[in-house]
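Heavy atoms only: backbone and side chains are in, while hydrogens, waters and symmetry mates are out.
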Amino acid sequence: MSEWARENVPLLTALLSVAALALVFGAVGGVIPSGILPRASDGVLSALPHLNAVISATAIVTILLGWRAISRGNVRRHRAFMLSSFALFVAFLVSYLYRLILVGTVEFPGPEAAYTYLYLPFLAIHILLAIVCIPFVFYALLLAATRPYAELYHTRHAQVGLVGAVLWLISFTMGIGVYLMLYHVF
């Protein structure tokens with residue numbers, strides 16, 4: 001990466017975080033018109049939540065394997081797993097936003113008490129963690145992308161990466177919980 005990027009990791013983190021969150025909130029808020037996207041078949045659209053659950057579960061595994069690799073000193077494997085995790089996150093996000101823009105949100109199929117006291121608090125925590133983890137993930141990735149490995153020891157990559165990974169794991173896990181409540185439990 002360029003020297004400018006290396007010197008401006010916090011600014012790039014902020015810009016990427018704001019852009020990603022604007023995209024998500026734009027899709028959730030209905031700001032992005034569905035007419036700009038090609039419409040997949042109803043079968044594909046109905047399969048996307050199930051695909052996203054698989055992507056989320058796979059991302060959990062790759063994050064854990066990346067964590068294990070770096071704890072054993074295997075930098076190449078750590079990098080490969082964390083880049084795979086990020087690619088899975090992007091795939092999840094594209095699929096999720098695509099369906100959200102075309103179909104909208106899914107109504108909770110369970111009883112009102114479960115909706116109020118279980119689903120909504122669970123969903124709120126999931127969303128909050130997903131939002132909070134974004135800058136941590138971008139910052140850790142940008143540090144790693146703009147510096148040789150030996151220099152990462154002189155940055156906050158390990159600390160920020162740990163926080164980002166933990167938040168990411170919890171958010172992905174809770175996302176699967178939301179999926180289960182919407183499609184299998186109720």
Side-chain angles (χ1 to χ4, degrees), residues 13-37 39-64 66-67 82 84-141 159-186:
T13 298
L15 292 173
L16 288 171
S17 298
V18 167
L21 291 172
L23 183 63
V24 171
F25 285 116
V28 170
V31 175
I32 301 171
S34 62
I36 66 169
L37 298 173
R39 184 169 180 88
S41 70
D42 289 342
V44 169
L45 290 171
S46 65
L48 289 178
H50 310 294
L51 172 66
N52 282 340
V54 171
I55 291 171
S56 294
T58 306
I60 290 168
V61 171
T62 59
I63 293 167
L64 290 171
W67 203 341
M82 299 320 279
S84 296
S85 300
F86 186 71
L88 288 164
F89 168 70
V90 170
F92 168 87
L93 193 59
V94 167
S95 173
Y96 173 77
L97 293 177
Y98 177 75
R99 186 177 190 285
L100 180 66
I101 291 166
L102 292 177
V103 177
T105 58
V106 176
E107 287 204 29
F108 182 74
E112 186 65 30
Y115 174 74
T116 303
Y117 299 109
L118 175 64
Y119 178 74
L120 282 182
F122 195 85
L123 179 64
I125 294 168
H126 163 64
I127 291 169
L128 177 65
L129 292 176
I131 290 168
V132 170
C133 85
I134 288 173
F136 286 97
V137 170
F138 277 137
Y139 191 78
L141 286 171
Q159 296 87 356
V160 171
L162 176 61
V163 171
V166 168
L167 293 173
W168 223 5
L169 284 169
I170 296 169
S171 177
F172 270 127
T173 302
M174 291 185 82
I176 292 172
V178 168
Y179 161 78
L180 290 172
M181 283 189 263
L182 287 174
Y183 295 95
H184 297 288
V185 175
F186 294 103

Taking every non-hydrogen atom, the tightest pair across [X] and [Y]:
X: Pro109; Y: Phe186; result: CG-O, 3.7 Å
X: Glu107; Y: Leu182; result: O-CD2, 4.1 Å
X: Leu45; Y: Arg99; result: O-NE, 2.7 Å
X: Ser34; Y: Ile101; result: CB-O, 3.4 Å
X: Phe122; Y: Met181; result: CD2-CE, 3.3 Å
X: Val44; Y: Ala40; result: CG1-CB, 3.7 Å

Pairwise distance [atom1]([X]) to [atom2]([Y]) - rounded to 0.5 angstrom:
X: Phe89; Y: Ser171; atom1: CZ; atom2: OG; result: 8.0 Å
X: Tyr115; Y: Phe108; atom1: OH; atom2: CZ; result: 9.0 Å
X: Leu88; Y: Leu93; atom1: CG; atom2: CG; result: 12.5 Å
X: Ile131; Y: Phe25; atom1: CD1; atom2: CZ; result: 3.5 Å
X: Trp67; Y: Leu64; atom1: CH2; atom2: CG; result: 7.0 Å
X: Leu167; Y: Ile134; atom1: CG; atom2: CD1; result: 11.0 Å

Under the criterion side-chain contact (heavy atoms from CB on, under 4.5 Å), which of Ile60, Val54, Val61, Ile55 is the partner of Thr58?
->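 Exactly one pass, corresponding to Val54.
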Residues which pass side chain to side chain contact (heavy atoms under 4.5 Å, CB included) with Tyr96, listed by chain and number, not counting sequence neighbours |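 Tyr96: side chain to side chain contact (heavy atoms under 4.5 Å, CB included) contacts with Asn52, Phe92, Leu100.
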Is the closest side-chain heavy-atom distance between Leu23 and Ile32 below 4.5 Å?
->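 Yes, close enough: below the 4.5 Å cut-off.
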Look at the side chain of Ser46 and the backbone N and O of Gly43, then say whether any donor-acceptor pair between them is shorter than 3.5 Å.
->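 Looks like yes, one N/O pair under 3.5 Å.
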Under 3.5 Å: donor-acceptor pair, side chain of Tyr179, backbone of Ser56 |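 A pair under 3.5 Å: no.
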